Amino acid sequence: MGVVLKLENVTKEYPGVLALDKMNLEVHEGEVHALMGENGAGKSTLIKVVSGAIKPNGGKITYLGNDYEFMTPALSKKLGIGVIYQEFNLVPELSVAENIFLGQKLTNGITINRKLMNQKAKELMGNFGIDLDVTVEVKTLTVAYQQLVEIAKTISSNVKILIMDEPSAPLTNREIDAMFRMIDQLKKRGIAIIYISHRMEEIFKIADRITVMRDGKYVGTKGIEETNHADLIKMMVGRDLDEQFPTVEKEIGEVVLEVQHLSTPQLLKDVSFTLRKGEILGLAGLVGAGRTETARAIFGADTKSEGKVMIKGKETHIRKPKDAINEGVALIPEDRKKHGVLLDMSIRDNVSFICIQNISKAGFINRKKDIALSNKYIKELSIKTPTKEQLAKNLSGGNQQKVVLAKSLASESDIIIFDEPTRGIDVGAKKEIYMLMNALAARGMAIIMISSEMPELLGMSDRIVVMHEGEVMGEMNRSDATQETILELASGIRAQEDKTR
Amino acid sequence: MKKYLKQFSTLIILVAMVIFFTSCAGNFFKINNILNILRQVSVLSILTAGMTFVVISGGMDLTVGSYLGLTGVIAVQLMTVVNMNIGGSCLITMVVITAFGFITGLLIVSLNVSPIVITLGMQTVVRGIAYIISGGLPIYDVPDAIVFLGQGYVFGVPVPVIIMIVIVVIMGIVLKFTYFGRYVYAIGGNIEAAKLAGVAVNKIVISLYAISAFLSALAGIVLAGRLSSGAPASGTGTEMDVITAVVIGGVSINGGKGSMLGAFVGAVIIGVLSNGLTIMNVSEYYQQVVKGLVLILAVAFDVLANRERVKKMKEA
């Protein structure tokens, strides 16, 4: 089998961060090559280098025997490198066939040759054993079918290498099987596939070889038969898993937050759960399960259509974030840069931002208190920075997350909702965040942790609530929870069985 | 240090211009001429103080020029035609103009439309009302007290300059040392994060347009005094000078960044430019070209300085 793509010593540097550090990768024709690594390991950066979205600072890219210093989007497309991102690039209002051949000229002189286009699209889908009306609008399809259309669209332009970034994230188990059948077909045609996923069982089902990266560095490449779960985790984390999730002596106390029959106009249906003092409650589910929406509804950022939120036994009337903050609820949002941190402001400005009115007199900020506050939290959360006047945008992801946390802690919250607390944070900083969460819980705070990372959920939560399409599917203690039971609930399988029974 | 680079770059431009004009025209750098320049930019600077808040919050206020016209018309009409006392007339005028700003802000947040569009509409509405009330004609018999506000001197310093300094200092302090100021930066920098931090974003945005209108009314009264008339057409196009000053002063047009001192320096640069060029007998037409070029130059300077900084950070 020939080598399609080879990366040698590829390096990408951002201010203050080495996203890729002499990374290597070798992909063979007709193989499924899994790329693994923790969030923030540099997988997305690597993909962007291959697709030409970013220029590396050093290293060599060899593609079909030709050397390149860097790719451009146009070049990679011409060379037959196709990428399927987590967000689809489909036009919802166009038909399946129109989407597949978007950007390709199937014309009768001037007008589109719709008949030929539909026929070709039908053939293409048929080749993969997918029977689908190619004239329907894409928006009417399920996510899984949209995914298949996306794949068909990408390979319709003579792709030799297909990069799939967490393609299974939004899919149910059954839908994943359909995607795997499509991948098998592609392999038979000699197309190389770079497959990125966090899900171990998928990797062992579909991959031929696995390359692991950590902190932007190449860790190793192994054939699937030479490795196992524990080995891969060790390669990814650089240490054993238990060590990654520190434990702490703590006492779980009385119920402090009670969500009752919470519904929103868009998604949530009758969501109920409780949260106790000192507890870390994991909120599990696939993308679109309604976890973030639940957090936003509790926090007053989105409107509720029904339901109550009780805090410390009292009914609350939270209509806007300010109300939630006054009740002692904090939200550490999923999209740190968009919703959490004030990038153009200093650490000091950020830390005191929520509680700024409390340290002001007649509108004037008390500078001493302001400085003391930021000094306190820089020390307490060990935020790594030369000065408190450093702009937040110049900090690493982990430190930015700490600044967001400091902002909430400074406002004296005792119920903290973490939405994907370690997304985009490197492995070392992750553990620090975990330790902070544990310390907060031990201090008697109550924590809700929304997470899509199975090890994180299983390692950190005292209890786990699983959601699916806006509903709570089940709840379990840490001791009863396994990856399998969570995934089953998250994909709604158990619920469907219950209904048929 | 890096933080001050932006303000520095405007100051450098200002100093360079002063040196240039001093060497070209001997009577440029005289105390009288400097006070003259400050007097000329007083109305502009008062408007710039309000606009700085609006632009830092990520907004834009194109109505300020029309407010000048309407202010002059209402205030002078009340004083001369209605024969109301001067204090009462000014008060009513300011309340009316501030109400327009409040309505503008209310429209922006409730319709969630770009402030440029809303204020563009309001600009025309306000100007139209000024023409309706005045019948299109300026009124000249402005009371002495108002003329004093525009043309008088206290201890050798022009009154409008004193008003300007008071306003710029107050607004600068509010922007820098109060939590209100910090909210304004946050709204321009990351409105979603500000909302989630419990900031009453809508209320603040509305208040900013009201403040801008209030300052426009104040500037309008000073202008009426300086021109000794209340004319519906006065202040036409001034909003563009104000925006130019703010941008030259290093305030980010995308919001979230900038300072009152920088914006003030921007306004002074515009004053120095037209004064210096006039002394050198450069025609009004050429002055416009130069003004535009300076704006582009200032922005280019800033972008290049930023690029250099990013490069250095990458190398580090």
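Chain identifiers are assigned alphabetically (A, B, ...) following the order of the sequence lines, protein sequences preceding nucleic acid strands; residue numbering begins at 1 within each chain. In this text, all values refer to a predicted model and were calculated from it rather than measured experimentally.
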Q: More than 12 heavy atoms of other residues, nucleotides or ligands under 6.0 Å from CD of A/Glu380: is that the case?
A: yes
Q: For chain B, which residues of residues 326-335 of chain A have at least one non-hydrogen atom nearer than 4.5 Å to it?
A: A/Leu331, A/Pro333
Q: Identify which part of A/Asp344 has an atom lying under 4.5 Å from any heavy atom of chain B, answering side chain, backbone, both or neither.
A: side chain
Q: A quick test of your reading: do over 12 heavy atoms of other residues, nucleotides or ligands sit less than 6.0 Å from NZ of A/Lys48?
A: no
Q: Among A/Asp323, A/Ile359, A/Asp370, which residue has the highest count of heavy-atom pairs closer than 4.5 Å to chain B?
A: A/Asp370
Q: Under 4.5 Å heavy-atom distance to chain B, tell me which part of A/Lys337 shows up: side chain, backbone, both or neither.
A: backbone
Q: Within a radius of less than 6.0 Å around NZ of A/Lys22, do more than 12 heavy atoms belonging to other residues, nucleotides or ligands occur?
A: no
Q: Please list, in residue-number order, every residue in residues 182-198 of chain B that has a heavy atom less than 4.5 Å from any heavy atom of chain A; write 'none' if there are none.
A: B/Arg182, B/Tyr183, B/Tyr185, B/Ala186, B/Asn190, B/Glu192, B/Ala193, B/Ala194, B/Lys195, B/Leu196, B/Ala197, B/Gly198
Q: Using non-hydrogen atoms and a 4.5 Å limit, figure out which bit of A/Ile325 sits close to chain B: side chain, backbone, both or neither.
A: side chain
Q: Report which part of A/Lys338 has an atom under 4.5 Å of a heavy atom belonging to chain B: side chain, backbone, both, or neither.
A: backbone
Q: Between A/Val341 and chain B, with a heavy-atom cut-off of 4.5 Å, which part of the residue counts as in contact: side chain, backbone, both or neither?
A: backbone
Q: Let me know if B/Val199 has heavy atoms under 4.5 Å from chain A in its side chain, its backbone, both or neither.
A: side chain
Q: Against chain B, label A/Arg367 side chain, backbone, both or neither, depending on which of its atoms sit under 4.5 Å from a heavy atom there.
A: neither
Q: Tell me whether A/Glu315 at atom CD has more than 12 heavy atoms from other residues, nucleotides or ligands lying less than 6.0 Å away.
A: yes
